[in-house]
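Below you'll find the structure, written out as C-alpha cells, and then a few comments.
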Amino acid sequence: MARKQAAAPEQAPPGLPGVPPALLAKFERLGLRQSFDVVLHLPLRYEDETVVHPIATAPHGITTQVEGVVVDAEVKFRPRRQLVVRVRDESAEMVVRLLNFYPNQQKQCAPGTRVRLTGEIRAGFFGAEMVHPRIRVVGADTPLPDRLTPVYPTTAGLSQYALRRAVHASLAREDLSDTLPAPVLHRLGLPELATAIRLLHDPPPDVACEALEARTHPAWQRIKLDELIAQQVSMRLHRRRRDTTHAPALRNEGSLRDRLLDGLPFRLTGAQIRACDEILADLARPTPMQRLLQGDVGSGKTIVAALATATAVESGYQVAVMAPTEILAEQHHAKFRQWLAPLGLEVVWLSGSLGARERRAALEAVETGRAAVAVGTHALFQQHVNFRQLGLAVIDEQHRFGVHQRLALRMKGASGEEVPHQLMMSATPIPRTLAMSFYADLDVSVIDELPPGRSPIVTKLVSEARRAEVLQRVADTCVAGGQAYWVCPLIEESEQLQLATAIETHATISAALPDLRVGLVHGRLPPAEKATVMASFKAGEIDLLVATTVIEVGVDVPNATLMVIEHAERMGLAQLHQLRGRVGRGSAESACILLYQQPLSENARARLRIVYEHTDGFVIAQEDLKLRGPGELLGARQSGVPMLRFADLAEDVALLEAAREIADVLLRDHPALARRHAQRWLGGREELLRV
Ligand code: ADP
Ligand code: MG
C-alpha cells in the first residue's frame, strides 16, 4: 500500500495542483486549502454532453446539447445590445443569444464555424433559441465525451473549467488508497474510496443520475461514511490522549461536602444524587474529567456543581466557575458565596467590568491561592489570570462560549503537568445524533427530574391585539403579591433598536400600571446597575421586570410567577423554553404568555405550537434541530466548529451508527489506517473538533 502521501500537510508546498496562484484566493473562499479538499469538492449535479440532439427534435426546457454550423453572427439592439448567432444543422435552424459577450466570442462565431452548444432550448419569437449556452468550437470529427460533465459548487469569478482542471490535477496527485478494510466495505456493499470519488467526479453516462444528485448512491454513502468515521476516530483519539494526561485525583472524605449538604434547605433529588456520584467518581481519577451535566432549566444543576467544587477545595485545589453572561455569572457568584462562605471559603468575582483595584485584589487572591473559588465570565481565562492550583473548571452553558475560549481554558493547565477537570453544564438537551457525533468524547450525566413542589407552567398563546388584557393580568398578579417578567422583542438587525424598544416598553408599561414598581434590565446597562436591578427584583422591591433576552439564562426568582414574551414568533424554540423556565420555580402556579403579532406565517404558527404543546426541553430541542440544523444548537456559527460537509445528522443515522462501530474496529485492529483516515479528512483541523 502506498504510504508516501501520509506526510503531514504542513510540509506540502503552498498552493494547489492545477491552480494558478491568482485563483488561490477564490479556492480558499470555497474552503479548498489542500489538495484533498479539492478531491472532495464534489459536483452538485451533472450535464449530459455525451449525446448531440438534432435541433428539430431536441427537448425543450431542460439542459441539452446540439451541434451545428454558424450561418451568421451580428450585434443587434433589440432592445439591449446582444450578439445574435444563427446556427444550423441538418434538421433545422436555431438562434443563440449572448447578452454579455466578449469581442473574442464574436470572433469565435464566424460564419462557417462548427459549434457545440449546451443549454436550454425554448421557443422564442423567431423560432427555437438558446440564451447563453456554453459554446465550444469543434471540428467535424471532434469526439463526444463519454462521461457526464460535473457541475461544481463555485463562487464568483471561478469557472467550471478551472475547477475541473484543479480536480483532475488533485486526483492525479492524491493517494486515494483505501483506509477501510475490504471486508467492512464488502459487508456494507460500498465501493472503495478511489472508485467512489472517481465516479462522483466523472460518472459514466449510464449511472443512476437521480441517486447521485439525491446523494443516496453508494458512492455518496461511502463519502458520508468516511466523513463520519473521521469524526468518530478523531473524537476517540482525543479521548485517548486525554486519558494519558494527568489531572489531580480529588479524593477525600467529603466533610466539606457534607457540611454544604447539611446547610441546604432542601434534599437532593435522586437524579441529582446520581449525577453527583458520577462526577465524584470522575474527580477521584488521575485523568481529566470532561463531563457534561445536562438538565432542563430549574432541574438544579448549580448545587451539583457546588458539591463538586467543595470536593476539589477539600483536596486543596481551586475551582473556576464560568458563565457566558455577566448576569448569569453574577447569580452563580451569589449562590456559591451563599453556600460556601459559611464553610470558610473565599469566593471571588472576576469579570471584565471590575475596577482596576478590585481586579488586582481578585487576581491576587487567585494567585496566592487564598481564593478557593473564582466565579466570572470569560475574563477568567484571560492570560493574566494565574491560578495557584486549579483543579476543576465549571462551565455553565458551555455551548455559548466560542471554540477559542474553550481552547484557551483547556490550555490553562494548572500546575506543571496537571490539567484541571472540567464540568460543563447545559440546559439545552442534546438530541441523540448530536450526542453520538459532536459530543461523542464527552461523558454525560443527566438530571431528568425536577425538584419536588414545582407546579406546572401554563403556556398561553395570545395575539398582540389583546395586549390590554395581558397588562391587566400582570397587574392582578403583582397586586396579589407575585412578580412578573416582561420580555421585549428580539430585534436581530439592530441592537440599538432593541434597546430603544426596551426603554419605550418600560416607559409605556410604567405609565399604564402606575401602582406597580417597574424595573428595566438590558444588555447595555453597566454591570453594577444590572446587578442592582436584579438584586431589587430578587428582594421583591420590583414587581415587574421589563427585560431584553439577557434574562434568558439562569435568573432564579421563585416568587416570579408570570412571564410575558413579546413577539414570541421571532424567537428560537430553545430560547423560548429557557425564558419560560424563569417562572414555575416556586410552589405557586405559574404562567407564560407568548404574545404574537398577526399575521403569523405557517412556519411561525407551527413553531409556537411546539412550545405550547411541549414542556419537555428534550422534545423541543429535537424539533429545533429539525427546523434550524445542528449549527444553532452547537453554537457553531460563532465558534467555527467545522461542521459535517456531507453527512446529514437528521437523515444519515444508520451511517452514523455504522461509523461508530467501524471507528472502533479501525482503532483496535488497524490503528495506522485509523490515523491516516482522520488525517486525510481533517488535515490539521482536528483541534477544533475536540473542544
Ligand atoms: P438549573 O439547573 O436551571 O441551573 P438551578 O440550579 O438554578 O437550576 O436550580 C433552580 C432552583 O431550584 C434553585 O433555587 C435551587 O436552589 C433549587 N433547587 C435545586 N435543587 C433542589 C432540590 N433538590 N429541592 C428543592 N429545590 C432545589
Ligand atoms: Mg443554571
Side-chain angles (χ1 to χ4, degrees), residues 257 260-279 291-310 321-340 342 375-377 394-401 423-430 444-457 483 485 534-535 537-540 549-561 563 574-588 590 592 615-618 620-621:
R257 218 162 49 229
L260 171 55
L261 280 172
D262 287 344
L264 291 177
F266 53 75
R267 297 179 50 190
L268 297 186
T269 62
Q272 283 172 317
I273 293 172
R274 217 175 322 119
C276 255
D277 288 346
E278 287 164 359
I279 291 165
R291 184 171 284 277
L292 179 69
L293 177 59
Q294 245 188 264
D296 217 339
V297 275
S299 61
K301 297 184 287 293
T302 322
I303 185 61
V304 174
L307 288 162
T309 298
V321 180
M322 216 156 30
T325 66
E326 290 253 344
I327 286 194
L328 186 51
E330 176 58 49
Q331 294 242 341
H332 283 324
H333 180 232
K335 270 263 151 83
F336 275 74
R337 216 174 32 189
Q338 174 198 332
W339 284 330
L340 300 177
V375 186
T377 55
V394 175
I395 311 168
D396 201 6
E397 298 298 328
Q398 55 88 25
H399 59 284
R400 298 188 152 222
F401 285 101
L423 177 63
M424 290 150 271
M425 302 195 279
S426 172
T428 307
I430 303 169
V444 180
S445 294
V446 182
I447 306 184
D448 52 3
E449 177 184 2
L450 291 181
R454 301 268 167 91
S455 55
I457 305 164
Q483 286 170 288
Y485 297 96
M534 294 314 297
F537 188 59
K538 195 152 190 175
T549 47
V550 295
I551 62 154
E552 186 186 330
V553 280
V555 178
D556 187 25
V557 180
N559 191 47
T561 55
M563 161 82 53
Q575 195 177 23
L576 286 173
H577 180 65
Q578 292 273 336
L579 283 169
R580 177 169 60 184
R582 299 304 110 213
V583 294
R585 298 198 153 216
S587 51
S590 293
C592 176
T615 51
D616 183 342
F618 189 85
I620 292 172

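The basis for the numbers below is simple: all heavy atoms, side chains too, and nothing from hydrogens, waters or symmetry mates. Whatever order the structure lists ligands and atoms in, that order sets their numbers, starting from 1.
Atom-to-atom distance recorded for I303:CD1 and L260:CG is 4.5 Å, nearest 0.5 angstrom. In this structure, the separation between CG on L268 and CZ on R274 is 12.0 Å, given to the nearest 0.5 Å.
Here the closest non-hydrogen pair linking G300 and Q272 is O-NE2, 2.9 Å. Shown here for D616 and D296, the closest heavy-atom pair between the two residues is C-OD2, 4.3 Å.
Close approach of ligand 1 to T269 is summarised as follows: ligand atoms under 4.0 Å from at least one heavy atom of the residue are 23 (N). Of all the atoms in ligand 1, the ones that sit under 4.0 Å from a non-hydrogen atom of T302 are 4 (O), 5 (P), 6 (O), 7 (O). Residue-ligand proximity, R585 to ligand 1, at heavy-atom distances under 4.0 Å covers atoms 3 (O), 7 (O), 10 (C).
A heavy-atom separation below 4.0 Å is not found between M425 and ligand 1. Between G298 and ligand 1 there is a heavy-atom distance shorter than 4.0 Å. At least one heavy atom of R267 lies less than 4.0 angstrom from ligand 1. At least one heavy atom of S299 lies less than 4.0 angstrom from ligand 1.
Of the candidates K301, R582, K335, it is K301 that places a heavy atom closest to atom 2 (O) of ligand 1.
Considering backbone and side-chain N/O atoms, I303 never comes within less than 3.5 Å of an N/O atom of ligand 1. Considering backbone and side-chain N/O of Q272, one or more are found under 3.5 Å from N/O of ligand 1.
Contact annotation: for L268 versus ligand 1, heavy atoms closer than 4.0 Å belong to the backbone alone.
Between L328 and H332, the closest side-chain pair of non-hydrogen atoms falls below 4.5 Å. At a threshold of 4.5 Å between non-hydrogen side-chain atoms, the residues M425 and V394 count as touching. Side-chain contact between L579 and Y485 is absent, with no heavy atoms from C-beta onward closer than 4.5 Å.
Here the side chain of K301 pairs a donor or acceptor atom with the backbone of G295 at under 3.5 angstrom.
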